[in-house]
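Side chains are part of it too, since the values below use all heavy atoms of this structure and drop only hydrogens, waters and symmetry mates. Numbering of ligands and ligand atoms starts at 1, following listing order.
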Amino acid sequence: MDIRQMTVVCSGKIREAALAKLADKVQLLTWQQGGRVPAATLAEWLAKADALYSIANLKIDAQLLAQAPHLKVVGQASVGYDNIDLQACQDRHVRVGNTPGVLVDAVADLAYGLLLDTARNITRGDRHVKSGAWGQRKGLGFGVDLAGKTLGIVGMGSIGSAVVKRARASGLQVIYHNRHENPQAKTLQVPYVNWEELLTTADFVLCCVNLNPSTVKLFNAAAFAKMKDGVRFVNISRGKVVDTEALVAALESGKVAAAGLDVTDPEPLPGDHPLTRLNNVTITPHIASSTLETRDAMAVLTAENILAALQGLPMPAEVKIKD
Ligand code: DGY
């Protein structure tokens, strides 16, 4: 079948950069008015879809795939793909692409920004001033230096490695823990430590692990209890790797002095959630990759993944589905 007759369905608004790649090459069905396409419309579109451009955390499981009998590829417009049931895709011979690489610097910048914020009370200071409390030390307190402290990275991949460079500029020592040692970390001369050692040694803990069954609630009450008193905790991976209740308790007791979270469980976080009532946590709404340049690069890579798969070619970034 000629690729120009193939249909690419997008579950939300597609960026101009991806539109420019796809518009004259395939039949496009996108929901440009913003938000997520209504379920009934999506079902109608999926019935004729050869490719699905996946955004807005669409759950892609056997039930959804059953509505898309001609589907050949899912182009996930993010690096994380925990919204996709890979086994269900494999069962239907649907290939999956994602967007590693292009968002590394943007995510590392935000991780480093949150880290700095936990040490130096940047957003807390902002809230303090805007509440009219400048001049009253109470409620703000002192920050801590980064220089000479230890940052423990859990889940050392390309994003962790990019954070290492930023952290070293501030004089932080870095250690890491992964399920397996990472050769890239060896090149960067970052020591590998076991889980216990990371938790008990780090002054700052940065979570970069993928969400999978083995990492759900990895940061639970037992993990927080092992950490140093007054540790600072940052999460830029997925909210579900943290037991939120345990984190709230650790922040309330001061065991965790401050946290910076770009991801939460649940997402979106309700405005009256216990986390939002704590002054020692800074929360950003899952925006680590949200820069104009990075989102464009992610959109282009998603479009390229889809076009390659529709032509039966190797995808620039294909998620390996295990046998
Ligand atoms: C990703 O790509 O998975 C990021 O979490 C999006 O910000």
For residues 12-21, which side-chain N or O atoms pair as donor and acceptor with protein atoms under 3.5 Å away, sequence neighbours left out?
unit_1 : atom_1 : unit_2 : atom_2 : d
R15    : NE     : D296   : OD1    : 2.8
R15    : NH2    : D296   : OD1    : 3.0
K21    : NZ     : E304   : OE2    : 3.3

Using a strict cut-off of under 4.0 Å between a residue heavy atom and any atom of ligand 1, list the qualifying protein residues by chain and number. S78, V79, G80, L103, R238, H286, S289, R295, M298
From OG1 (T282) to CG (L275), nearest 0.5 Å: 11.5 Å
Which donor-acceptor pairs under 3.5 Å do the side chains of residues 243-251 make with protein atoms, sequence neighbours left out?
unit_1 : atom_1 : unit_2 : atom_2 : d
D243   : OD1    : E245   : N      : 3.2
D243   : OD1    : A246   : N      : 3.2
T244   : OG1    : D265   : O      : 2.9

May I ask you to decide if the ring planes of W195 and H177 are parallel, tilted or perpendicular, using 30° and 60° as cut-offs? tilted
Identify all side-chain donor-acceptor contacts of residues 152-161 below 3.5 Å with residues at least two apart in sequence or on another chain.
unit_1 : atom_1 : unit_2 : atom_2 : d
S161   : OG     : G157   : O      : 2.9

Write down the atom of N305, the atom of A317, and the distance for their closest heavy-atom approach. OD1-N, 2.9 Å
